[in-house]
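Beneath this line is the structure, given in structure tokens, with notes to follow.
All heavy atoms count here, side chains included; hydrogens, waters and symmetry mates do not. Worth saying up front: this structure is predicted, and the values here are computed from it rather than measured. All residue numbers refer to positions in the sequence shown, counting from 1.
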Amino acid sequence: MAEKPPQRMTLFQRLRKAILFLRLVGYGLRTYYNFFSRSLSAKIANRLAKSDASIGPDDVKNIVIVGAAFSGLYAARLLAGAVPRDGRYRIVVIEPNSHFNFTWVFPRFCVVEGHEHKAFIPYSPDFFDMGPKGLVQWVRDRVTSLTRENVLLRSGEVIPYEYLIIATGSNVADGLPSRAGVEDKEEAIELLKAMQERVKNASHIVVAGGGAAGVETATDAKDRYPGKSVTIVHSRQALMHRFGNGLQQGTSEAMERLGVNVILGEKVLPESVDGKFITLSSGRKIECDCFINCTGQKPASGIVASLAPNTIAPSGHIRVKPNLQIDDDSLPNVYVCGDVAQAEVRNPNSRVAARQAEICADNVVRAVKGKKPKYVFTEGFGDGVIKLTLGLDRSITQYFDGKSELLFPAEEPDLDLMCKGTWAAMGARPFEDTGVYSE
């Protein structure tokens with residue numbers, strides 16, 4: 001039977017795609033303008049800064065940020081460039097991990113050997129260069145609970161706050177390939193190496209979850225080891241189901257090209273994993289000597305239980321107001337951003353995290369200056385962007401507004417993907433590890 005010719009776009013569809021492209025260009029221009037205008041404002045503020053001699057050490061108030069993944073780290077950077085320079089405030093970042101975890105490359109480094117160290121970027125004071133030296137104080141510790149005035153740490157230290165930004169992100173029960181699940185770089189590297197060995201020594205690999213982490217892990221494993229059986233199991237009727245049809249089709253074609261077995265409308269029963277077989281929700285058994293679970297991501301909202309338990313939604317997210325204040329009228333000085341916030345976004349990613357960080361930082365700066373918070377978060381056009389690798393040397397970048405999409409297939413010549421640029425963007429020299437944060 002002859003294949004059907006590809007369906008031609010109507011004039012209306014072409015027009016929508018043209019509009020989408022123009023919106024993409026506008027989004028990029030606004031992003032660059034935002035960055036340069038903030039940088040210029042920070043330089044002017046630093047040049048004109050005059051400290052208030054009447055302010056003593058006990059008078060300095062803390063803006064505390066809990067968590068330094070994409071959202072928390074960016075909020076700290078923006079605050080460093082915008083808080084008043086009179087010495088009344090300091091920014092305190094509390095983060096348990098020794099290094100920034102560049103989780104986007106975790107699926108790749110669960111399969112490919114020799115690059116795993118590049119996924120862990122040293123936190124650097126240079127990232128906060130928009131503010132004066134010493135404005136940002138780094139505390140490597142874990143927050144255990146919160147009160148209305150203080151942050152309580154695992155070490156026993158108590159840190160008071162005037163304003164609080166919660167950016168604790170999300171966790172997964174099984175760790176890799178979505179999260180490392182440990183705090184020290186060296187331990188995380190050993191976990192990645194152990195996963196590489198599991199994949200290398202396996203004959204029948206089964207990946208649960210058809211989102212980005214599952215798709216990338218499955219396609220990388222099959223591309224790296226074409227002789228192995230690789231199966232991906234997803235509970236929905238399409239891989240990458242939250243995205244546009246074009247990306248779904250591109251993903252399906254990549255699976256067929258590489259020879260990955262795809263099972264849809266099923267779930268893996270984790271308790272059935274025995275090193276030889278796994279059982280699906282239908283009762284079907286599949287041969288499996290390497291099971292990789294890419295499901296079960298949950299918001300890390302536990303610390304809020306001691307402060308405002310009523311704001312934790314059934315999903316585990318923290319309920320927020322449109323301005324990203326926590327949804328409790330008695331806590332106007334507490335903000336939430338990133339994966340832990342219940343902001344109803346279609347595609348949680350680093351761009352969403354950064355935009356929410358902007359909202360939180362800008363509203364805190366207004367509050368510091370005695371003004372009411374006025375900035376609100378709404379899902380933007382750029383929030384629908386995703387770059388999905390489909391094997392070791394190919395990717396598709398999709399721009400999707402919920403109705404139309406733009407697709408940009410590309411070759412990926414670098415096995416370590418965007419690591420080098422990300423290190424540089426974070427103020428670190430690729431790939432020189434300077435250790436834990438130090439002024």
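Side-chain contact between K193 and E113 is absent, with no heavy-atom pair separated by less than 4.5 Å. Contact of the I165 side chain with the V64 side chain is not registered, since no non-hydrogen atoms from C-beta on lie closer than 4.5 Å. At a threshold of 4.5 Å between non-hydrogen side-chain atoms, the residues I263 and I232 do not count as touching. Annotation: side chain of C290 is not in contact with side chain of V206 (no heavy-atom distance under 4.5 Å). Put simply, the side chain of Y399 reaches to within 4.5 Å of the side chain of T397, judged on heavy atoms. A heavy-atom distance below 4.5 Å is not found between the side chains of K369 and R366. With a 4.5 Å cut-off on side-chain heavy atoms, L239 and H234 count as touching. The side-chain heavy atoms of F128 and W138, taken from C-beta on, include a pair separated by under 4.5 Å.
Within 6.0 Å of NZ in K228 there are more than 12 heavy atoms belonging to other residues, nucleotides or ligands. Within 6.0 Å of the CD atom in E271, the count of heavy atoms belonging to other residues, nucleotides or ligands exceeds 12.
A cation-pi arrangement is found for K118 relative to F431, the charged atom lying closer than 6.0 Å to the ring centre and inside a 45° cone about the ring normal. Figure legend: R77 and F127 shown as a cation-pi pair, the cationic atom lying under 6.0 angstrom from the six-membered ring centre and within 45 degrees of its axis.
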Assess the residue pair S301 and T168 against the criterion (side chain to side chain contact (heavy atoms under 4.5 Å, CB included)); give the C-alpha distance rounded to whole Å, side-chain angles, the decisive distance to 0.1 Å, and a yes or no. CA-CA 7 Å; S301 57; T168 44; 5.8 Å; no
How far apart are the C-alpha atoms of N101 and T103, what are their side-chain angles, what is the distance that settles it, and do they pass the side chain to side chain donor-acceptor pair (under 3.5 Å) test? CA-CA 5 Å; N101 285 207; T103 55; over 6 Å; no
Do N310 and D327 pass the side chain to side chain contact (heavy atoms under 4.5 Å, CB included) test, and can you show the C-alpha distance, the side-chain angles, and the key distance before you say yes or no? CA-CA 9 Å; N310 58 303; D327 192 15; over 6 Å; no
Going through the checks in order, is the side chain to side chain donor-acceptor pair (under 3.5 Å) test met by H99 and D184? CA-CA 7 Å; H99 292 66; D184 292 319; over 6 Å; no
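Legend: salt bridge (Lys or Arg N to Asp or Glu O under 4.0 Å) pairs involving residues 232-257, not counting sequence neighbours: none detected.
The pair D329-K321 meets the salt-bridge criterion, since a charged nitrogen lies less than 4.0 angstrom from a carboxylate oxygen. Using a 4.0 Å cut-off between a side-chain N of Lys or Arg and a carboxylate O of Asp or Glu, R108 and D416 do not qualify as a salt bridge.
Using a distance-only test at 3.5 Å, with no hydrogens or angles considered, no donor-acceptor pair links the side chain of E412 to the main chain of D414. Between the D223 side chain and the A221 main chain, no donor and acceptor come within less than 3.5 Å of each other. When atom types are taken as modelled, the side chain of R346 and the backbone of F243 share no donor-acceptor pair closer than 3.5 angstrom.
The aromatic rings of F70 and F100 sit perpendicular, their planes meeting at an angle over 60°, well past the 30° parallel limit.
Interatomic distance, CZ of F109 versus SG of C419, reported as 4.0 Å (0.5 Å rounding).
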